[in-house]
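The structure under discussion appears below in the form of structure tokens.
Lettering follows sequence order; numbering is per chain, from 1.
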Amino acid sequence: MMGYSLAHSAMTAGYHTTYLPSYGAEMRGGTANCTIAVADEEIASPISSEPDYLVVMNMPSLYTFQNKLTPGGALFINSSIVDARPSRQDIEVFAVPCGKIAESLGDIRASNIVMMGAFIRKTSLVTLDTYLRSLETIMGSKKKKAMEINTKALAAGYELLKIS
Amino acid sequence: MNDKQLMAGNHVIGEAAIRAGCRFYAGYPITPQNELCEYMSEHIREVKGGVFIQSESEIAAVNMVAGAAASGARAMTSSSSPGISLKQEGISSMAASEIPALVVNIMRGGPGLGNIRPTQGDYFQATRGGGHGDYRTIVLAPTTCQEMADLTMDAFDLADRYRNPVVLLADGMMGQMMEPVVFKEPKPRNYSEAYMMRGAGSGKSQIIRGLILDQLELEEHNWKLARKYNIIRQNETRCELFQIDDAQVGIVAYGTAARVAKGAIKRMKGAGMNVGLFRPITLWPFPERELRKLSEKIKYFLVFEMNLGQMIDDVRLALQGFAEIGFFGRPGGVVPTPVELANIIDQRYFKKNGPISRG
């Protein structure tokens, strides 16, 4: 959902984009990851050798992917459930307590959107407005209540991250 | 509605097929092409005359498609590697009976049941016929979601033009990957009523058959098919050349591997290493003439596949010894990264020969 919505908003903003999801063979409860490429020109490879940004929402993802991040890249961690921190010193790390913030807003399922707020603040890949419009398109007009919480969650994540 | 849409490859094929006038789909679920079945089950029924059947098996599906196509419908079936193996009897039969249909293979790891990760292990099966007997299928290999849309439409036109099954060969990664797509306007169908079985009418009985017991009659039928395949070889090869003009090394890759190769090429360019890509879009007929022409300038080609080396045979046949050929591949559902491929090319070629500037 995070990846799909980001790719959708990048497309809306006029970029070339690819979204490559990867799920385990489990029916439920497996880990999932996805790769999004965003570029001004046609995207050569949707498979990333060294991503510029890495977002991890759980522990297994941190262990699996931390070393793929390019030197000088930014790592976003859902600090509500990920206690560990990477040993690498050559990257920027942003700990976002997504779960806690989402819970305080009334729905823990908005954790991912809190993270998207922080991610957009740091990367400026798309504007909050463009992202919200994409989210609305994806979720459909029926889920008004969910959109209300999502809007708040996005703003909370965005405000949380102080960028100097 | 012709806006840009962000769609997954499996859905793109389904939508393009329906827009191209596909009105019969039969299939049996298998990962990683399930979303295509799912899309067809929901959307083909929304168009007039559209029929979706989840068959009892892959073999049933391909035979239902043969029947529907023989009666004049634009028909399609899809599966992933193990399921495509089951369909081979039907594909051979359609080739023998000259029935046009589209067979989509979203490849997964093999042999046997293998796994559900993307590979290119079915190249031989797709390009050598796959089933028994002297026959060929046209094989199209897209690399992007946009190309999946375009080639799906083209596949139906080619099937009609040559009255032959066409295989669309993609892999699990392309099936799941989402990219923006704009659907082109399909061409109007050009297929003679005379070939369609329309049920008991007043005219003479019409028979479509693959069983020809007289050996001379069957020989003549085989020669007739051979003449058709030769015309296809002459007219239907397609390929893409990417940054090949000043290249010292030519990568030969298709499908997902070609995307990885483009990534590697861009990286290497930054480091002063000129590498280009020759990408066959039709795997059969293989664009031999186009590749051989490149060997006038390029003396080292690296074949890059997500298998143990299958297309390399066609590259050898095409180059006929005019250039050196190397191979890099990873089987089993591993998708190499652009950096990995770039390192291989650097080690195998540039560390030995160094970059040459073509001033």
Enclosure of A:Tyr15 OH (heavy-atom neighbours >12, cutoff 6.0 Å): no
A:Cys34 SG to B:Met178 CE distance, which is reported to the nearest 0.5 Å: 10.0 Å
Minimum side-chain heavy-atom gap B:Lys262-A:Glu42 below 4.5 Å: yes
Note: A:Glu50-B:Arg267 ion pair, threshold 4.0 Å (strictly below): yes
Approximate separation, where rounding is to 0.5 Å, of B:Leu6 CG and A:Ser134 OG: 9.0 Å
Minimal non-hydrogen separation, B:Arg259 against A:Ile43, with atom names: NH2-O, 3.2 Å
Any side-chain heavy-atom pair of B:Glu340 and A:Ser49 under 4.5 Å: no
Side-chain heavy atoms of A:Leu20 within contact of B:Met173, under 4.5 Å: yes
Minimal non-hydrogen separation, B:Glu179 against A:Thr18, with atom names: OE2-CG2, 2.8 Å
Nearest atoms (heavy-atom pairs only) where A:Thr17 meets B:Pro180: O-CD, 3.2 Å
Atom group of A:Ser48 that falls short of 4.5 Å from chain B, counting heavy atoms: backbone
Between A:Gly3, A:Pro46, A:Ala7, A:Ala37, the one whose heavy-atom pairs under 4.5 Å with chain B are most numerous: A:Pro46
pair A:Glu41-B:Lys266: side-chain heavy atoms closer than 4.5 Å: yes
Region of B:Thr31 in contact with chain A, defined by heavy-atom distances below 4.5 Å: neither
